[in-house]
Student: 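Below: one structure in structure tokens.
In the text below, chain A, chain B and the rest are named by the order of the sequence lines, each starting its count at 1.
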There are 2 protein chains.
Amino acid sequence: MERIPEAEWQVMEILWAESPMGAQDVAERLAPATGWSLATVKTLLGRLLAKGALAHDEEGRRYLYRPAVAREACVAGESRRLVDRLFGGRATPLVAHLADTGQLSDADIAELAKLVKELGK
Amino acid sequence: MERIPEAEWQVMEILWAESPMGAQDVAERLAPATGWSLATVKTLLGRLLAKGALAHDEEGRRYLYRPAVAREACVAGESRRLVDRLFGGRATPLVAHLADTGQLSDADIAELAKLVKELGK
DNA sequence: ACTTGACGACTACGCCCGTAATCGATAGCT
DNA sequence: AGCTATCGATTACGGGCGTAGTCGTCAAGT
């Protein structure tokens with residue numbers, strides 16, 4: 001699975017949330033958050049098409065874009081890379097780390113407890 | 001805190017594990033895993049010095065390098081970035097995801113259970 | 001003193017990424 | 001039939017990163 005860089009990721013998020021969609025529409029939804037011009041968005045769409053992360057249907061003389069890879073799969077790749085690089089491939093130290101650095105609220109911990117209980121079954 | 005790219009990270013790992021150390025020594029430890037030439041390692045050391053991630057003591061006419069930033073702090077930054085980007089800043093979904101994708105062994109889950117119990121106290 | 005070797009500094013260069021303008025074709029309006 | 005707006009494709013360009021060669025300097029050996 002191809003690596004998807006930051007800017008392209010944001011385009012994917014739009015299309016994972018709703019698709020298919022034309023370039024114009026994608027650009028409109030990104031504009032508030034990013035300020036990117038339509039031209040920029042088109043470039044990103046093109047690159048994503050080229051690397052197979054998006055597919056397109058032709059509607060008249062324009063494309064309707066939709067994801068060709070599942071968000072789940074991409075997230076899996078990214079998080080695995082991080083865990084490998086930072087924690088020697090072991091997930092537990094990551095959680096311990098998040099806890100240590102105060103990135104887990106009480107609600108998070110409660111939720112984790114439930115999750116872990118579920119997993120242990 | 002400056003962002004530390006992949007190749008430079010590997011240099012940091014060496015020095016986090018043992019320091020201070022000369023360029024030659026760093027290169028020798030990296031060689032088996034990376035195959036990088038001494039010149040490449042020197043470049044990376046220079047860049048890390050420039051961005052303040054390393055400090056150096058002069059020993060005769062050469063430098064002894066040592067980390068100027070804690071590994072903990074860098075790891076915190078990286079993992080926060082990932083969690084923000086992929087999981088909307090919430091850590092629990094990350095754990096759920098690791099579980100779903102089978103990246104947690106039974107041992108991991110047991111360990112997590114213990115950790116969570118500890119955190120919940 | 002002279003050469004040799006090792007050091008850090010500087011330079012190089014191709015690729016990827018973020019950002020965008022421009023181009024050629026075409027659909028639609030007038 | 002001609003103009004205009006719009007589409008995707010192509011090209012651009014600065015900066016960062018991965019990888020490495022070269023240069024000026026100085027220490028050490030002979």
Student: Please give, in whole Å, the distance from dA20(C) P to W36(A) CH2?
Tutor: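 Going from CH2 in W36(A) over to P in dA20(C) covers 9 Å.
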Student: Counting any heavy atom closer than 4.0 Å, what does L44(A) reach on the DNA or RNA strands: base, sugar-phosphate only, or nothing?
Tutor: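 Base, at least one base heavy atom under 4.0 Å.
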Student: Measure CE/M21(B) against P/dC7(C) and give the value in whole Å, please.
Tutor: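 So the CE-P distance, M21(B) to dC7(C), works out to 14 Å.
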Student: Mind checking the CZ-CZ spacing from R80(A) to R85(A)? Nearest 0.5 Å is all I need.
Tutor: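 Rounded to the nearest 0.5 Å, the CZ-CZ separation comes to 15.5 Å.
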Student: Using side-chain hydrogen bond (donor to acceptor under 3.5 Å, both in side chains) as the criterion, list what pairs up with W9(A), not counting sequence neighbours.
Tutor: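 Listed in chain order: E13(A).
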Student: Rounded to whole angstrom units, what separation is found between the CD atom of E59(B) and the P atom of dC26(D)?
Tutor: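 Result: 18 Å.
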Student: Distance check, rounded to the nearest 0.5 Å: R62(B) atom CZ versus D57(B) atom CG?
Tutor: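 Between R62(B) CZ and D57(B) CG, I get 11.5 Å after rounding to 0.5 Å.
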Student: dA20(C) phosphate, OP1 or OP2: any side-chain N/O from T40(A) under 4.0 angstrom?
Tutor: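 Looking at the OP1 and OP2 atoms of dA20(C), one of them is under 4.0 Å from a side-chain N or O of T40(A).
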Student: Using whole Å, report how far CD of E28(A) lies from P of dT6(D).
Tutor: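 It works out to 11 Å between those atoms.
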Student: Nearest whole Å is fine: how far is dG8(C) P from L45(B) CG?
Tutor: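 Roughly 8 Å, once rounded to whole Å.
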Student: Enter the distance from E6(B):CD to R81(A):CZ here, rounded to the nearest 0.5 Å.
Tutor: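 Rounded to the nearest 0.5 Å, the CD-CZ separation comes to 9.5 Å.
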Student: Between the protein and nucleotides 7-14 of chain D, are there any N/O to N/O pairs under 3.5 Å, and if so, what are the atom names and distances?
Tutor:
residue : atom : partner : partner atom : Å
dC7(D)  : OP1  : Q24(A)  : NE2          : 3.4
dC7(D)  : OP2  : Q24(A)  : NE2          : 2.5
dC7(D)  : O4'  : R61(A)  : NH2          : 3.3
dG8(D)  : OP1  : Y63(A)  : N            : 2.8
dG8(D)  : O3'  : Y63(A)  : OH           : 3.3
dG8(D)  : N7   : K42(A)  : NZ           : 3.1
dA9(D)  : OP1  : Y63(A)  : OH           : 3.2

Student: Nearest whole Å is fine: how far is dG18(C) P from L30(A) CG?
Tutor: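 To the nearest whole Å, that distance equals 13 Å.
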Student: Quick one: does T34(B)'s side chain have a donor or acceptor within less than 3.5 Å of a partner on W36(B)'s backbone?
Tutor: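 Yes; judged by distance alone, with no hydrogens or angles, the pair exists.
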Student: Please report the distance, rounded to the nearest Å, between NE2 in H56(B) and C1' in dC7(C).
Tutor: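 Checked: the NE2 to C1' distance equals 13 Å.
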Student: Nearest 0.5 Å, what's the CG-CD distance between L64(A) and E59(A)?
Tutor: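 Taking CG in L64(A) and CD in E59(A), the distance rounds to 4.5 Å.
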Student: Find the distance between CD1 (I4(A)) and CZ (R71(A)) and round it off to the nearest 0.5 Å.
Tutor: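 Rounded to the nearest 0.5 Å, the CD1-CZ separation comes out at 11.0 Å.
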Student: Check whether any side-chain N or O of S79(B) sits under 3.5 Å from a backbone N or O of A76(B) as a donor-acceptor pair, and report yes or no.
Tutor: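 Yes; judged by distance alone, with no hydrogens or angles, the pair exists.
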Student: Which of residues 76-84 of chain A sit near DNA chain C, with a heavy atom under 4.0 Å from it?
Tutor: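 Under 4.0 Å from DNA chain C: no residue of residues 76-84 of chain A.
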Student: How far does OG1 of T92(B) sit from CG of L104(A), to the nearest 0.5 angstrom?
Tutor: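 The CG atom of L104(A) is 6.5 Å from OG1 of T92(B), to the nearest 0.5 Å.
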Student: Using atom CD of E6(B) as one end and atom C1' of dC17(C) as the other, report the distance to the nearest whole Å.
Tutor: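 From E6(B) CD to dC17(C) C1': 17 Å.
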Student: Map S37(A) and I4(A) onto DNA chain C by nearest heavy atom, then report which one ends up closer to the 5' terminus.
Tutor: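 Its nearest nucleotide being more 5', the pick is I4(A).
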